[in-house]
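In this chain, numbering begins with 1 at the start of the sequence shown.
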Amino acid sequence: RIPDNLTMDEGALIEPWVVGVYAVDRGQVTLGHKCAIIGAGAIGVMVFLAAKLAGAVDICVVGERSEIVSFVHRLLHKNCDIPLSLPVLR
């Protein structure tokens with residue numbers, strides 16, 4: 001149940017944010033670390049934000065959703081040298 005003081009939109013963002021913070025915590029990302037984030041969906045973007053807040057300095061986001069990857073890279077003011085589309089292993 002979402003508390004009364006949160007909107008539905010805010011409530012919908014909590015789960016991906018918590019996953020992002022948990023991933024950064026589990027990865028022990030701290031000041032000065034380099035990170036690669038595979039996936040540019042809601043959780044990937046939240047991992048990016050959590051890593052940035054944890055002090056990571058070199059973050060690369062890779063995913064098939066090129067518009068989101070481009071947006072994240074604009075936030076970083078740089079491009080990543082890894083191709084945006086990776087082969088899927090089955």
Side-chain angles (χ1 to χ4, degrees):
R1 184 170 186 270
I2 297 175
D4 292 335
N5 62 334
L6 290 180
T7 67
M8 291 300 282
D9 289 342
E10 292 168 333
L13 290 173
I14 288 174
E15 193 268 341
W17 173 245
V18 170
V19 172
V21 170
Y22 181 74
V24 168
D25 182 58
R26 290 280 297 175
Q28 299 177 355
V29 177
T30 58
L31 185 64
H33 279 174
K34 297 178 180 182
C35 301
I37 300 167
I38 310 301
I43 291 174
V45 171
M46 295 300 180
V47 172
F48 159 75
L49 293 172
K52 189 93 167 131
L53 288 172
V57 293
D58 196 5
I59 307 169
C60 183
V61 178
V62 180
E64 293 184 7
R65 299 177 66 184
S66 61
E67 68 281 358
I68 295 175
V69 173
S70 295
F71 168 74
V72 171
H73 288 171
R74 281 194 309 275
L75 290 176
L76 292 171
H77 305 291
K78 70 176 200 128
N79 286 320
C80 186
D81 293 331
I82 299 173
L84 296 178
S85 182
L86 300 175
V88 177
L89 301 176
R90 295 180 196 262

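For residues 25-47, the set of pairs meeting the salt bridge (Lys or Arg N to Asp or Glu O under 4.0 Å) definition, not counting sequence neighbours, is empty.
Judged as a salt bridge (charged side-chain N to carboxylate O under 4.0 Å, His left out), and not counting sequence neighbours, Asp9 has no contacts.
Residues Val18 and Met8 share a hydrophobic cluster, clusters being chains of Ile/Leu/Val/Met/Phe/Trp/Tyr side chains in contact below 4.5 Å.
Of all heavy-atom pairs spanning Gly32 and Val57, the tightest one is O-CG2, 3.5 Å. Shortest non-hydrogen contact noted between Ala23 and Val47 is CB-CG2, 4.1 Å. The heavy-atom pair separating Ala12 from Pro16 by the smallest distance is O-CD, 3.3 Å. Of all non-hydrogen atoms in Val45 and Ala40, the two that sit nearest each other are CG2-O, 4.0 Å. Of all the heavy atoms in Ala56 and Val29, the pair that sits closest is CB-CG1, 3.8 Å.
A donor-acceptor pair under 3.5 Å is formed between the side chain of His33 and the backbone N or O of Gln28.
For the atom pair CE of Met46 and CD1 of Ile37, the computed distance is 12.0 Å after rounding to the nearest 0.5 Å. Going from atom CD1 of Ile43 over to atom OH of Tyr22 covers 13.0 Å, rounded to the nearest 0.5 Å.
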For this session: For Ile14 and Leu6, run side-chain contact (heavy atoms from CB on, under 4.5 Å): C-alpha distance rounded to whole Å, both residues' side-chain angles, the deciding distance at 0.1 Å, then the answer.
Result: CA-CA 10 Å; Ile14 288 174; Leu6 290 180; 3.5 Å; yes

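Within a 6.0 Å radius of CG in Asp4, other residues, nucleotides and ligands contribute 12 heavy atoms or fewer.
Using a 4.5 Å heavy-atom cutoff, the side chains of Leu53 and Val21 are not in contact.
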